[in-house]
Amino acid sequence: MQDDPLLRNLNPEQLAAVTLPAQPALILAGAGSGKTRVLTTRIAWLLQQGAITPGGVMAVTFTNKAAKEMMTRLSAMLPVNVRGMWIGTFHGLCNRFLRAHWKLAGLPQSFQILDTADQLSAVKRIVKAMNLDEERYVPKQLSWFIAGSKEEGLRPRDVPVRDEHTRKMVEVYQAYEDQCQREGVVDFAELMLRTYELLRDNDPLRAHYQHRFSHVLVDEFQDTNRLQYAWLKMFAPPGNGQGVFAVGDDDQSIYGFRGALVGNMADFEREYRVERVVKLEQNYRSFGNILDAANALIAHNSRRLGKNLRTDAGPGEPVRVVESTSDFGEAQWVLEEIQQLHRGGLARKEIALLYRSNAQSRVIESALFNAGIPYRVYGGLRFFERAEVKHALAYLRLIENPNDDTSFLRVVNFPARGIGARTIEQLQDAARGTGRSLYQSVGAVAGKGGSNLAGFVGLVERLRERTRGLTLREIIEHMLHDAGLIDFYRTEKEGQDRIENLEELVNAAEAFVTQEGFGKDAVALPVDEHAPGTLSGDAPAPGPDLTPDAETGEIVSPLAAFLTHAALEAGDNQAQAGQDAVQLMTVHSAKGLEFDAVFITGMEEGLFPHENALSDSDGLEEERRLMYVAITRARQRLYLSFSQTRMLHGQTRYNVKSRFFDELPEHALKWLTPKQQGFGSGFAREYQQAWQRGSGFGSMVGAGRVAPAPPPLVPKAPSHGLRVGQSVFHTKFGEGLILTLEGQGDDARAQVNFGRHGMKWLALSVAKLTPVD
DNA sequence: CTGTCGCGCGTTTTT
DNA sequence: CGCGCGACAG
């Protein structure tokens with residue numbers, strides 16, 4: 001077996017995981033332990049053994065990136081037809097499934113996919129139509145409620161109604177569902193829920209897929225939500241003899257806030273009767289001190305499955321800790337350190353600046369910008385989310401499916417063609433209750449608005465006619481021209497960038513068609529020619545000849561395929577991706593990445609751990625896992641930095657260093673600034689200097705490297721005599737610790753952590769706080 | 001129908 | 001402080 005080239009370089013743990021028998025398995029894969037390698041080698045090994053054919057494999061990931069990487073690595077390992085396998089994201093695979101069984105799923109063949117923004121605007125329309133008070137029924141929250149319910153597997157009728165407010169929200173949910181059904185659109189959660197329900201309710205179909213997939217592999221299992229786990233059980237239920245291979249790391253579960261259930265891992269182990277959990281603890285990424293820090297930190301969490309990373313690489317450099325006096329100073333210090341690293345030969349793209357929340361990037365960005373250092377910020381608008389691109393896509397979607405009211409409303413008057421709010425209202429009134437789409441109802445509006453509407457419909461019809469049979473590129477070019485988008489942006493002052501993005505859309509379409517055929521999200525081939533089609537509870541089991549859905553495995557139009565691609569893969573967020581630039585991102589978006597040098601900035605109480613997560617232990621443990629993720633991104637060098645003051649929401653906050661420092665082993669740390677530092681000494685004058693400089697950037701660094709000249713003034717000594725980090729007593733809440741002090745005089749406020757009484761903001765002019773000790 | 005002003009708000013995010 | 005949205009005026 002050792003001679004097998006596939007298995008040759010695996011360590012014993014990896015080898016054990018890869019060659020497990022075909023039964024349910026749980027792999028606890030630590031950070032940097034070769035998880036993706038194990039997953040892909042497992043598939044390759046199964047194929048090589050002749051145990052399965054490509055068609056029998058399903059591998060599920062969360063991101064397109066992970067899915068792509070799996071396919072790339074797999075085809076490098078074996079000369080295998082990756083297309084034959086079901087490798088993709090949860091949503092991508094659902095799409096594939098629903099495109100094949102659209103009829104059974106009760107969808108139109110050309111159903112469109114709503115992204116989060118589309119969903120929000122659809123909900124807004126409902127709220128308006130139902131005449132609800134948007135203060136009480138906030139569209140964003142409703143949107144969240146609907147997606148959340150679906151991800152719990154709940155249809156409107158299933159949602160427990162406790163009060164009037166919930167009842168109303170369920171009503172909105174129902175109306176939203178009706179609207180989507182009418183328009184032939186599905187949101188992300190709907191892709192999952194529809195697939196789940198169809199499999200649940202259709203015995204032969206379920207049996208078919210369970211038979212087909214002898215092996216199902218799930219990546220990042222700790223991030224699955226309730227619906228995704230239930231979905232998995234439809235494809236491969238416990239006790240069914242299929243090889244279910246779940247890979248995850250409970251210590252890297254950082255998406256609880258969006259419904260991920262770490263508990264799914266323990267549930268999986270129990271329900272699937274996993275005999276042996278394989279732990280991958282050998283780390284190939286980081287040096288010892290970094291791993292010591294990570295291990296020690298995460299050991300403070302209870303409720304773990306238990307895992308300790310180790311390395312053969314030796315201790316390496318200590319983790320460097322730096323205290324700055326202000327966020328400006330922190331940024332300046334980071335900047336100087338980066339320049340030094342780069343001069344020392346480290347590529348800029350090997351340096352990552354991580355922060356807990358996006359708002360923190362601004363200061364660092366301006367420091368880098370002023371110094372002329374190339375950087376790239378992750379997050380923010382992605383390509384397919386840009387307004388001009390969404391406008392273009394809306395036209396394309398209307399060509400495919402004119403009943404998509406969301407797209408209709410987006411572009412009916414863009415570019416402006418004399419269709420105002422009044423006309424739209426009339427149109428919506430006309431459509432309401434008839435079960436018809438806006439597009440179908442334009443005839444009902446008379447007058448000038450009506451003829452303008454007719455003009456718009458004519459435009460869409462003309463586009464559909466004239467682009468029939470053309471290539472995707474030609475379709476888009478026609479549309480851009482005929483709809484007047486290019487002309488519109490040509491007259492705009494800021495329009496040049498937008499025109500470039502529209503041209504980029506043409507390129508993206510071209511690349512999509514040539515590279516991927518129609519791409520993996522599309523159904524270019526019969527998905528499953530043997531899948532049973534017609535079915536209802538009392539129908540006899542159908543033969544393979546009566547499979548209306550499978551017949552639709554005909555080549556889907558390139559346009560439809562591209563639209564699906566655009567919805568399921570929002571694309572990159574920056575054009576200049578290839579350049580050697582310092583990488584700026586939140587800790588969340590850093591998950592799965594690695595860098596030679598990593599700076600974790602803003603290591604302060606209230607920021608990291610974030611104040612909103614301090615009230616319960618679950619929240620704090622997730623923050624700690626987040627910190628664990630951050631630490632384990634670093635290969636060679638890790639910096640932790642915190643600042644005494646920070647500008648947030650236009651106010652200066654006085655922070656204490658993160659409690660996580662107390663959870664790190666002293667031997668692995670090196671304090672570049674003195675570890676204990678009192679307040680009120682150096683920082684006041686430095687802070688003032690930063691302000692006087694206007695831009696705020698100068699030689700401000702940590703207290704160890706302070707410029708001379710001390711006119712100590714700002715900020716002036718607070719009259720209440722309290723300081724951050726001080727213990728105080730409150731008559732009602734008992735003893736607590738001051739975390740933040742803000743404002744002066746009558747406005748002075750303190751944020752105090754009262755332990756089990758929680759975190760409180762107190763106005764010092766009102767609250768009686770007595771210093772303890 | 002467009003542009004501008006002013007208000008309110010402000011973890012983390014993929015599909 | 002800076003953004004995005006909604007209300008209102010031109």
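Order of the sequence lines sets the chain letters (A, B, ...), proteins ahead of strands, with each chain counted from 1.
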#### Entry: side chain to side chain donor-acceptor pair (under 3.5 Å) partners of residues 407-426 of chain A, not counting sequence neighbours, each pair once
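Sorted result for residues 407-426 of chain A: A:Y395-A:R417, A:R397-A:S407, A:D404-A:S407.
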### Message
Over all strands shown, is A:N413 touching base, sugar-phosphate only, or nothing at heavy-atom distances under 4.0 angstrom?
### Response
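Since only primed, P, OP1 and OP2 atoms lie under 4.0 Å of A:N413, the category is sugar-phosphate.
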### Message
Heavy atoms only, 4.0 Å cut-off, all strands: where does A:I419 land among base, sugar-phosphate and nothing?
### Response
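Sugar-phosphate, backbone atoms only, no base.
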### Task
With sequence neighbours excluded, tell me which residues meet ring-ring contact (aromatic ring centres under 6.0 Å, His included) with A:F257.
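With neighbours one apart ignored, the set is A:Y255, A:H588.
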### Message
Going by ring-ring contact (aromatic ring centres under 6.0 Å, His included), name the residues that satisfy it together with A:F488, two or more places apart in sequence or in a different chain.
### Response
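For A:F488 the ring-ring contact (aromatic ring centres under 6.0 Å, His included) partners, ignoring immediate neighbours, are A:F414.
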Provide, to the nearest angstrom, the distance between the [atom1] atom belonging to [X] and the [atom2] atom belonging to [N].
X      : N     : atom1 : atom2 : value
A:E134 : C:dG4 : CD    : P     : 19 Å
A:Q360 : C:dG2 : CD    : P     : 16 Å
A:L381 : C:dC3 : CG    : C1'   : 13 Å
A:K140 : B:dG8 : NZ    : P     : 16 Å

### Query
To the nearest 0.5 Å, what is the distance between CG (A:L584) and CZ (A:R362)?
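Rounded to the nearest 0.5 Å, the CG-CZ separation comes out at 12.5 Å.
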### Counterpart residues, side-chain hydrogen bond (donor to acceptor under 3.5 Å, both in side chains), relative to A:S149 (two or more places apart)
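Expected list: none.
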### Query
What distance, rounded to whole Å, do you find between the two C1' atoms, one in C:dC5 and one in B:dT12?
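Pairwise C1' distance, C:dC5 against B:dT12, rounds to 23 Å.
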### Task
Quote, to the nearest angstrom, the P distance that separates C:dG4 from B:dT13.
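Those two atoms are separated by 16 Å.
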### Task
Just label B:dT11 as syn or anti from its O4'-C1'-N9-C4 or O4'-C1'-N1-C2 angle, using within 90° of 0 for syn.
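Base orientation: syn.
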### Task
Do nucleotides 10-15 of chain B as a string where each nucleotide becomes B, S or -: B if the base has a protein heavy atom under 4.0 Å, S if just the sugar-phosphate does, - if no protein is that close.
BBBBBB
### Query
With A:E69, which residues qualify under salt bridge (Lys or Arg N to Asp or Glu O under 4.0 Å), at least two apart?
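Checked A:E69 against salt bridge (Lys or Arg N to Asp or Glu O under 4.0 Å); matches are A:R73.
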